Engineer: 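Mind having a look at this structure? Questions to follow.
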Amino acid sequence: MAEPRSHTQARDFWTATVLWLGAGSVLALLAWILGDLLLQGVGRLSWGFLTEPPSDAGRSGGVAPMIISTLWILAICLATAVPLGLAAALFLTELASRRTGRWVRHSLDALAAVPSIVFGLFGNALFCHVLGLGYSILSGGLTLACMVLPLVVRTTEAGLSNVAQEIRQGAAALALSRVTTLRTLVLPAAAPALLVGLVLGIGRALAETAALIFTSGYVDRFPESIHDSGRSLSIHIYDLSMNVPAGNDTAYATALVLVVLLIASQQLATWGIHRWIQPERSVR
Amino acid sequence: MSFPKSPSALSRSIAAAAFLITTLVGCGSSDDSPSAQTRITLTGSSTVAPLASEIARRFEERHPDVRVEVQTGGSSRGIADARSGAATLGMISRDLAPDEQDLTAFTIARDGIGLIIHADNPVEELSRSQIASIFRGEISNWSEVGGREAEITVVNKAEGRATLEVFKQYFELTSPEIRADVVIGHNEQGVKTVAGNPNALGYVSIGVAESDIQQGIPIRLLRIDGMEANIETVADGSFPISRPLNLVAHGTVDGPAAELVEFSLSEEVHDLIEAQRFVPSRR
C-alpha cells in the first residue's frame with residue numbers, strides 16, 4: 001500500500017525539482033546578464049553620459065546623440081509597422097479568402113525567418129539607393145519596420161482570430177456595422193495580443209545592429225533631421241566592443257542605457273495600448 | 001460585406017499610415033535643398049572608421065560648412081563605394097591590391113602587430129620560422145628557442161579579428177594549423193594574459209603594447225629576425241608585420257575632400273591617431 005504512494009511522491013518531487021531548475025536557470029541567466037552589465041557599466045554612468053556627445057571614439061563623453069537617433073529610428077519603425085501590421089492582420093482575419101490568407105501567412109512566416117543582415121542589405125539597396133534616402137534614420141526606421149512587420153501581423157492576427165465568433169455574430173444580430181464591431185468589440189478584445197506584438201517589435205527593433213549598420217549608419221553626431229545618418233545605441237555597443245581598443249567600459253554602460261530604454265519603451269507601449277483600449281471597453 | 005465609406009478610427013489610421021509612407025518616401029528626392037552644406041562621405045574599413053570619425057569631428061569644427069559622414073562596411077565596401085562614387089573617399093585597412101591601381105591611396109596611419117612575452121622571459125628575439133613553428137605546435141618549449149625549460153603558452157586571437165589575418169598572412173599560417181592554448185578577443189585581453197603568465201607568447205597591436213609597457217605592465221616586445229618592434233619601425237614602414245590604414249580616392253580629389261585628406265595626413269591629427277592606438281604614418 002505504501003509503495004505506490006511513495007513512488008508518486010518521488011515522481012512529484014522530481015518533476016517539481018526539474019521545473020524549479022528550469023525556471024531558476026532562466027532567472028539566473030537574466031540576473032547574471034543584468035548583474036554583469038551593472039557591475040561593469042555603472043562606473044561609467046553619469047548625468048553627462050546621458051546628455052553629452054561622445055569623444056575619443058566613444059571612450060569618453062556620452063551617448064546622447066545615439067539615444068536621440070535610437071528613439072527616432074524606433075518611432076519611424078513603429079509608426080510604419082503598427083498601422084500596416086494592424087491593417088494586414090485585419091485583412092487576414094476579416095477579408096481574406098482561405099487561399100489568399102494562406103499565401104499571405106506563408107509569406108509572413110518566411111519573412112520572419114529572414115536573417116536581419118539580409119534586411120540590412122535589402123534596406124540599403126531599396127531605401128538608401130533606389131528611393132534615394134541615403135544613409136539616414138528614415139532608411140533605418142523603414143528597414144526595421146519591414147523586419148518587425150511579420151512579428152506584429154502574426155501576433156495581432158492570432159489575437160484577432162481568438163476573439164470568440166459569438167461576439168461578431170451577436171454584433172451582426174444587433175445590426176452593428178462591421179467597422180463598429182471591429183472598433184468597439186473585436187479590437188479591444190484583441191488588444192493584449194496587439195500589445196505582445198508591439199512589445200516584441202520594440203525589443204527586436206532596439207536590439208537590432210545588422211539591419212541598421214548599412215541603413216541608418218555610423219555617424220555619431222546629433223541628427224538634425226530624419227534624413228541624417230544616426231548611430232543607434234546597438235551599433236555604438238558593437239563598435240565599442242569590436243573596433244575601439246579600451247572601449248569596453250563604455251560598451252557596458254551603453255548596454256545598460258539600452259536595457260533601461262527597452263524596458264521604458266515597453267512600459268510606455270503597455271500604458272498606451274491600455275489607454276487607447278480602455279475607454280472603448282465601456283461601450284460593452 | 002464591404003467597409004462603409006464613412007471615416008472611422010480604423011480607416012483614418014490606415015489612411016494616415018499610407019499618407020505617412022508616401023510623404024516620407026516622397027521627400028527623399030527633394031532632400032538636396034534644405035542645407036547648402038558640402039557633404040563628404042567616407043565608407044569602408046571598420047578599423048579605420050572610429051579614427052576617421054574623430055578626424056571628421058575635428059575637421060568639422062574648423063570647417064562648419066562641411067559635413068563629414070563616416071560609414072562602415074569593411075575595406076571591400078570602401079573600394080566599391082569609392083569607385084562607384086557612392087562615397088567621396090573609401091577607407092581600407094590594407095594595401096591596394098594589384099587590380100585596385102585605378103585608386104589612389106593616402107596612408108594616414110599604420111597598425112603594427114608585435115609579438116609579446118612576459119618581462120621576466122629571457123628570450124630577446126625569435127625568427128619568422130621559429131614563430132611559425134611555435135604557433136603550429138612544432139616547438140612547444142622555450143628551451144628549444146634559447147629560453148628557459150618551460151612549456152610555451154600560445155596566445156592566439158579569436159577568428160574574425162583583423163590582427164589575426166595580418167599575423168597569419170605574414171607567418172604563412174592557416175587557422176586550422178594554429179595550436180593555441182589561449183584564444184583572446186581584443187588587444188587588452190592579450191596584454192593581460194601575457195602579463196599574467198611568464199611563459200606566454202602572444203601578439204597585439206604595437207601601439208597598445210607600447211602604451212601598456214609605459215604604464216609598467218610587465219611585458220616586452222620581441223625582436224623578429226633582428227627587427228625591433230616599436231612605434232618607430234612601424235612608422236617608417238620597416239617593421240614587416242604591419243598594415244597601412246588608407247583613405248582611397250577614385251580620380252582626383254578636390255575641394256573640401258582634398259582639404260580633409262590633407263588634414264588627415266597632417267600632424268594636427270597625430271594625437272587622435274595615437275589615441276586610437278595606431279601609429280602616425282611618415283610620408
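Fair warning: this is a prediction, and the values are worked out from it, not measured in the lab. Naming: A, B, ... by sequence-line order, numbering from 1 per chain.
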Engineer: Is B:Arg77 in contact with chain A via its backbone, its side chain, both, or neither, using a 4.5 Å heavy-atom distance?
Structural biologist: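 Contact with chain A: side chain only.
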
Engineer: Sort out for me which of A:Pro53, A:Gly247, A:Ser229, A:Ser136 touches chain B most, counting heavy-atom pairs under 4.5 Å.
Structural biologist: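 Ranked by contacts with chain B, first place is A:Ser229.
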
Engineer: Check whether more than 12 heavy atoms from other residues, nucleotides or ligands sit under 6.0 Å from atom CZ of B:Arg62, and answer yes or no.
Structural biologist: yes

Engineer: Can you tell me which portion of B:Ala56 sits under 4.5 Å from chain A's heavy atoms? Options are side chain, backbone, both or neither.
Structural biologist: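 Neither the backbone nor the side chain of B:Ala56 comes within 4.5 Å of chain A.
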
Engineer: For B:Thr72, is it the side chain, the backbone, both, or neither that has a heavy atom closer than 4.5 Å to a heavy atom of chain A?
Structural biologist: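 Both backbone and side chain.
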
Engineer: Determine the sole option in A:Asp56, A:Asp220, A:Leu240, A:Asp239 for which the side chain to side chain contact (heavy atoms under 4.5 Å, CB included) test with B:Pro50 is passed.
Structural biologist: A:Asp239

Engineer: Could you go step by step and tell me if B:Arg57 and A:Arg221 meet the side-chain contact (heavy atoms from CB on, under 4.5 Å) rule?
Structural biologist: CA-CA 9 Å; B:Arg57 204 194 310 280; A:Arg221 239 186 267 120; 5.9 Å; no

Engineer: Of the backbone (N, CA, C, O) and the side chain (C-beta and beyond), which part of B:Gln276 lies under 4.5 Å from a heavy atom of chain A, both, or neither?
Structural biologist: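 Answer is both: backbone and side chain atoms of B:Gln276 are under 4.5 Å from chain A.
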
Engineer: How far apart are the closest heavy atoms of A:Tyr135 and B:Gln71, and which atoms are they?
Structural biologist: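 Of all heavy-atom pairs spanning A:Tyr135 and B:Gln71, the closest is CB-NE2, 3.4 Å.
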
Engineer: Count the heavy atoms of every other residue, nucleotide or ligand shown that sit under 6.0 Å from CD of B:Gln169, and state whether that count exceeds 12.
Structural biologist: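 Open: at most 12 neighbouring heavy atoms sit under 6.0 Å from CD of B:Gln169.
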
Engineer: Are more than 12 heavy atoms, taken from residues, nucleotides or ligands other than A:Tyr238, located less than 6.0 Å from that residue's OH atom?
Structural biologist: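 No, the 6.0 Å shell around OH holds no more than 12 heavy atoms from other groups.
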
Engineer: Take B:Ser53 and A:Arg231, measure what side-chain contact (heavy atoms from CB on, under 4.5 Å) needs, and give me the verdict at the end.
Structural biologist: CA-CA 12 Å; B:Ser53 297; A:Arg231 189 190 293 192; 4.2 Å; yes

Engineer: Go through the atoms of A:Thr180 and report whether side chain, backbone, both or neither lie under 4.5 Å from a heavy atom of chain B.
Structural biologist: neither

Engineer: If you measure from the Lys or Arg side-chain nitrogens to the Asp or Glu carboxylate oxygens, is any gap between A:Arg59 and B:Glu54 under 4.0 Å?
Structural biologist: no

